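Along the sequence shown, residues are numbered consecutively beginning with 1. On a predicted model such as this, the values are computed, not experimentally measured, just so you know.
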Amino acid sequence: SGKTHTMMGKGDEKGLYFMAAHDILKRLASCNGSLELRVSFYEIYSGKLFDLLNNREPLRALEDKNQNVNICGLSEHKVSSEYEVMRLIDEGNRIRSSGSTGANDTSSR
């Protein structure tokens, strides 16, 4: 259905991830360097959480007293360009679990 192309882009066409990173970084630049962008990437597979930017290390989801869910142990990576964001997304996508479905032989299942 074109989701990967829409999100990741192809060739010279920038996808939604790139365009969103561009807009966020542009806004952060107007804050005189007082804010920074950090990226994390995890998957939930068979009811378990894994950090896709830290060798698929297992993670834990815990709820605090205010009912906020925190992903414990999740790595954060400081980025300063759209290309760094895309590199991390590509890295995470390479190691996430995938398998085939009836509709798509590279579905993330």
Side-chain angles (χ1 to χ4, degrees):
S1 64
K3 290 182 295 194
T4 299
H5 178 259
T6 300
M7 300 307 290
M8 298 296 291
K10 188 171 186 177
D12 290 337
E13 290 182 30
K14 304 301 182 199
L16 288 179
Y17 291 144
F18 185 95
M19 292 187 288
H22 175 80
D23 289 348
I24 292 167
L25 289 164
K26 186 176 176 181
R27 287 182 182 258
L28 291 177
S30 68
C31 294
N32 302 320
S34 61
L35 299 173
E36 62 187 25
L37 179 60
R38 293 179 177 265
V39 173
S40 297
F41 193 2
Y42 69 94
E43 78 172 332
I44 303 170
Y45 185 77
S46 294
K48 297 178 182 171
L49 283 75
F50 299 96
D51 189 333
L52 296 179
L53 299 178
N54 187 21
N55 299 314
R56 244 180 142 259
E57 283 291 314
L59 302 167
R60 291 180 30 188
L62 299 174
E63 189 173 332
D64 66 17
K65 65 181 179 180
N66 298 317
Q67 297 183 324
N68 295 311
V69 176
N70 298 291
I71 309 298
C72 299
L74 183 62
S75 62
E76 295 182 352
H77 304 265
K78 183 178 175 184
V79 293
S80 56
S81 77
E82 300 89 336
Y83 298 99
E84 289 178 74
V85 171
M86 296 309 298
R87 182 186 61 77
L88 290 171
I89 291 171
D90 285 340
E91 180 181 326
N93 279 334
R94 273 194 303 277
I95 62 173
R96 76 178 190 184
S97 297
S98 65
S100 63
T101 67
N104 184 347
D105 63 355
T106 59
S107 177
S108 59
R109 300 284 181 264

Original post:
Under 4.5 Å between side-chain heavy atoms, hopping through other hydrophobics if needed: is there a path connecting Ile89 to Leu52?
Top reply: yes
**OP:** Rounded to the nearest 0.5 Å, what's the gap from CG on Asp51 to CG on Leu74? Could you check?
**Re:** 5.0 Å
Original post:
Do NZ/NE/NH1/NH2 and the carboxylate oxygens of Glu43 and Arg96 come within less than 4.0 Å?
Top reply: no
**OP:** Quick one: closest heavy-atom pair of Leu59 and Cys72, and the distance?
**Re:** CD2-O, 3.5 Å
Original post:
Can any side-chain N or O of Asn32 pair as donor or acceptor with the backbone N or O of Ser34 at less than 3.5 Å?
Top reply: no
Original post:
Given the rule that I, L, V, M, F, W and Y join up when any side-chain heavy atoms are under 4.5 Å apart, are Val85 and Leu35 in one cluster?
Top reply: yes
**OP:** Measure across Glu82 and Ala21 and return the closest heavy-atom pair with its distance rounded to 0.1 Å.
**Re:** CG-C, 4.0 Å
Original post:
How long is the gap from OH on Tyr83 to CG on Asp90, to the nearest 0.5 Å?
Top reply: 13.0 Å
**OP:** Could you tell me the separation between the CG atom of Leu25 and the OG atom of Ser80, rounded to the nearest 0.5 Å?
**Re:** 7.5 Å
**OP:** Work out which heavy atom in Leu53 is nearest to a heavy atom in Leu88; give both atom names and the distance.
**Re:** CD2-O, 3.3 Å
Original post:
Is there any ring pair (Phe, Tyr, Trp, His ring centres under 6.0 Å) pair reaching into residues 50-80, and which pairs are they, with sequence neighbours excluded?
Top reply: none
Original post:
So which heavy atom on Ser75 is nearest to which on Asn54, and how close?
Top reply: OG-CB, 3.9 Å
**OP:** Using the test side-chain hydrogen bond (donor to acceptor under 3.5 Å, both in side chains), find all partners of Lys26 that sit at least two apart in sequence or belong to another chain.
**Re:** none
**OP:** Specify the closest pair of heavy atoms between Glu84 and Lys78, including all atoms of both residues, with the distance to one decimal.
**Re:** OE1-O, 3.9 Å
Subject >> Gap separating the CZ atom of Arg56 from the CG atom of Leu49, nearest 0.5 angstrom >> reply: 10.5 Å
Subject >> Close side-chain approach of Met8 to Asn93, heavy-atom, < 4.5 Å >> reply: yes
Original post:
Got a second to check how far Leu28's CG is from Asp23's CG, nearest 0.5 Å?
Top reply: 11.0 Å
Original post:
Do you know the tightest heavy-atom contact between Val69 and Ala61?
Top reply: CG1-CB, 4.1 Å
